[in-house]
Number of protein chains: 2
Amino acid sequence: MDERKRKILKAVTRDYIDTAEPVGSRTIARRYGLGVSPATIRNEMADLEEDGYLEQPHTSAGRIPSEKGYRFYVDVLMTPRTLSRQELQKIYATLQAQQVLEDIVQESVRLLALLSQYTSIVVAPNLSRGTVRCLQLIPLDEFNVLLVLVVDPGFSQSRIVETSRPLTAQELARINHFFERRLAGAVLADIGASLIEELRDEIDDEALLSEALNLLIKGLRNIKKEQVFIDGTTHLLSQPEFKNIEKAKGLLNILDDERAVWSVLNRALGRSGILVTIGSENPHEGFQECSLVTATYEINGQVVGSIGVIGPTRMDYDKAVSIVEGIANSLSSLLSDPRRH
Amino acid sequence: MDERKRKILKAVTRDYIDTAEPVGSRTIARRYGLGVSPATIRNEMADLEEDGYLEQPHTSAGRIPSEKGYRFYVDVLMTPRTLSRQELQKIYATLQAQQVLEDIVQESVRLLALLSQYTSIVVAPNLSRGTVRCLQLIPLDEFNVLLVLVVDPGFSQSRIVETSRPLTAQELARINHFFERRLAGAVLADIGASLIEELRDEIDDEALLSEALNLLIKGLRNIKKEQVFIDGTTHLLSQPEFKNIEKAKGLLNILDDERAVWSVLNRALGRSGILVTIGSENPHEGFQECSLVTATYEINGQVVGSIGVIGPTRMDYDKAVSIVEGIANSLSSLLSDPRRH
DNA sequence: GTTAGCACTCTTTTTAGGTGAGTGCTAACG
DNA sequence: CGTTAGCACTCACCTAAAAAGAGTGCTAAC
């Protein structure tokens, strides 16, 4: 594809992203100084259509980019500006002001929606690869103990667990002692089959053993689940492509389903860096007319979650990419900051 | 208002709720066997309009209920069926299956949206009147301790708190000892000014004192905040009155604002029982064309939160009232069940 | 290779007329 | 006197036709 064709494709794409109206040769000639007449542009556009980069909603309308066109635009033509140091600073500061992990995540999704003006999604850090810093049972009453868990990058959770029989202070101490000795430093995901054997060796009292395991399993069940945060859903409704209520409802319904959103976002988890998914590239039907711009974030170099924005295929990819990237990086460096815990 | 007028008003309201179309005299005569001719009904409807119970979108259309009409319908005419024992049982069972308080609340909002087909809101229990069952600091490392709090109706939370100086095991023990002795059984809301004095008497070490207070205040800050859960937002979009995207967007935007929703729901907290708020009865502009059906739920006779559904003023009040009531009651009895903790 | 000119296509907007649901009023009826 | 049939009238809504407008593709000239 020669230089002029690229310029024209870029101009059409940008203009369509801005106006949501099919773009005609006249508009290109007037608005983007290419130094050639509309007729020439018409010829070039006919070629671009033949090659599959542009399409025409109907005979007498202007052109709009095809998915292939968007793909080329994203891969080759666009030049997302990176956020300025100031902007990054501001994002970082806002996130840093949060007290607990959940608030950090929630604030980042809020920021993402605010800055991008697109519906935004953040998958909370998967802590299954985090390490246990503290795991402990605290007696409450006869049949209840509190299981407290602190996982290494600054995440704590507690849960009341019912015991099947009253445990004496001694027994609790033994269990805690074992937890302390064996589980401190362990990776959360590994607490399972592998450790059961060890536990069996350690505690000779069969009943107590099963009780301890029971508590642990019950307690960990809720703790491990991944959470998805969404913000700015109403931005979708501002897009002219969702003027049709039925479409909007369909999409919002999917977004209400945490699992679906999660699986879509997790496509990003493999790659690091920015991933742009355009229209039907997304396997999930219902996202066919949408694009996603996602990025992963890390804790100490390990990918733990992903964030992204969702919009129509006619999305401002430049803007989306720069903001998603900026926030993902802020999040990574904040979560990896050793001064946090 | 005589019997026949009531019957007509009721018929108009029900029909409009079902069809969302202005109701004509002919329809009433045909569909609701009142044994009189359309002309008679026309006369009655003219009277009802004069009295402000009905209105006409335009001259040659049928009638629709005014807000006053809905109000009369809700207060006098409607007869919400109470849920069957089976249905209640099912709701109760579903809620009971949840492990932690947050899940119970989330499940009830999900159920409410599912059953009512309206956008549903639940304000999580305000635990500020709950009593402290356990409050304890667990050492993590030099500058971090874990504050663990268990509040009486089965709610626990933990938080990592930074200390301004390393605390020795002894100091921690002293703080914990004090917490144990003074705060166990205290009402969460009362932990504040009143206790500070006592704490001052108790711990002579000035620095340690302020440190303990500091930890407590920092730790409690996040714990006390109220949470709002929303589900079924897309049901709003199914209502013909929100066919107009702008209206829908406006309302969804408000629903995204936790504080606004919270304040609206909390109008219910004063009264006990069902509260129906119709259109402009709601002080918050933006809810002017909506109705809310809300109810409070209790723990051991004490109102702790509220649940409700939101829809157009043309809402199925019968259905909404019965379901909101049913779920509120289920929630109350579950949370008050002494077998839970 | 580029461009002006022009006929052609197809959507969108405008206009106009027709349809139908529903009303209010009047007069007749029991 | 309440009830009802009859009827003229209103007004949203639908449909069809006409007009406008944006943009194209093609051809011929530069």
Side-chain angles (χ1 to χ4, degrees), chain A residues 1-9 11-16 18-66 69 240-241 243-244 314, chain B residues 1-9 11-16 18-66 69 240-241 243-244 314:
Chain A
M1 191 185 303
D2 64 24
E3 188 55 26
R4 194 170 64 189
K5 276 204 174 57
R6 291 186 178 204
K7 274 191 177 152
I8 291 176
L9 178 53
V12 171
T13 308
R14 274 248 56 95
D15 205 81
Y16 184 58
D18 291 344
T19 65
E21 298 288 329
V23 189
S25 54
R26 194 188 171 65
T27 311
I28 299 293
R30 194 165 10 91
R31 266 209 275 264
Y32 304 81
L34 299 188
V36 289
S37 74
T40 308
I41 292 173
R42 271 207 291 286
N43 289 331
E44 296 283 44
M45 292 209 298
D47 290 354
L48 284 167
E49 181 169 0
E50 185 130 354
D51 294 344
Y53 294 102
L54 294 180
E55 43 194 43
Q56 240 175 329
H58 52 263
T59 327
S60 72
R63 275 13 188 250
I64 64 176
S66 65
E241 20 278 278
K243 211 175 52 205
N244 171 2
R314 183 192 60 77
Chain B
M1 189 186 304
D2 64 25
E3 190 54 25
R4 194 170 65 186
K5 276 205 175 54
R6 292 185 178 208
K7 274 192 178 151
I8 291 175
L9 178 53
V12 171
T13 308
R14 275 249 54 97
D15 205 80
Y16 184 59
D18 290 345
T19 65
E21 299 287 330
V23 190
S25 53
R26 195 186 171 64
T27 311
I28 299 293
R30 194 164 12 90
R31 266 209 275 263
Y32 304 81
L34 299 187
V36 289
S37 76
T40 308
I41 293 174
R42 272 206 291 285
N43 290 330
E44 296 283 44
M45 292 209 296
D47 290 354
L48 284 167
E49 181 168 1
E50 185 131 353
D51 294 344
Y53 293 102
L54 293 180
E55 44 194 42
Q56 240 176 331
H58 52 264
T59 328
S60 71
R63 302 308 207 286
I64 64 176
S66 65
E241 20 278 280
K243 210 175 52 205
N244 171 2
R314 182 192 60 76

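Naming: A, B, ... by sequence-line order, numbering from 1 per chain.
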Can you check whether B/Tyr53's main-chain N or O pairs, donor with acceptor, with B/Ser66's side chain at less than 3.5 Å? yes
Answer whether the closest heavy-atom distance between the side chains of B/Val36 and B/Arg4 falls below 4.5 Å. yes
message = When you compare the side chain of A/Glu21 with that of A/Thr27, does any pair of heavy atoms fall below 4.5 Å?
response = no
Measure the distance from [atom1] on [X] to [atom2] on [N] and round it to the nearest whole Å.
X       : N      : atom1 : atom2 : value
B/Ile41 : C/dG22 : CD1   : P     : 12 Å
B/Glu44 : D/dG2  : CD    : C1'   : 10 Å
B/Glu21 : D/dC11 : CD    : C1'   : 15 Å

With both pairing distances under 3.5 angstrom for Watson-Crick or G-U wobble, and | for a partner in another strand, the correct string for DNA chain D is ||||||||||||||||||||||||||||||
A correct 5'-to-3' footprint of nucleotides 20-30 of chain D, with B, S and - meaning base, sugar-phosphate only and no protein heavy atom under 4.0 Å, is --BSBB-----
DNA chain D nearest-nucleotide lookup for B/Val36 and B/Pro57: closer to the 5′ end is B/Val36
In terms of heavy-atom contacts, does NZ of A/Lys7 have more than 12 from other residues, nucleotides or ligands at under 6.0 Å? no
Looking only at D/dT3, C/dT11, C/dT2, the nucleotide nearest the A/Thr40 side chain is C/dT2
Closest heavy-atom pair, A/Leu34 versus A/Ile8, reported as atoms and distance to 0.1 Å, is CD1-CG1, 3.6 Å
Between B/Pro65 and B/Leu54, the two heavy atoms sitting closest are CA-CD2, 3.8 Å
Here the ring pair (Phe, Tyr, Trp, His ring centres under 6.0 Å) pairs for residues 22-46 of chain B, sequence neighbours left out, are none
From the list B/Glu49, B/Glu50, B/Glu44, B/Glu55, salt bridge (Lys or Arg N to Asp or Glu O under 4.0 Å) with B/Arg63 holds only for B/Glu49
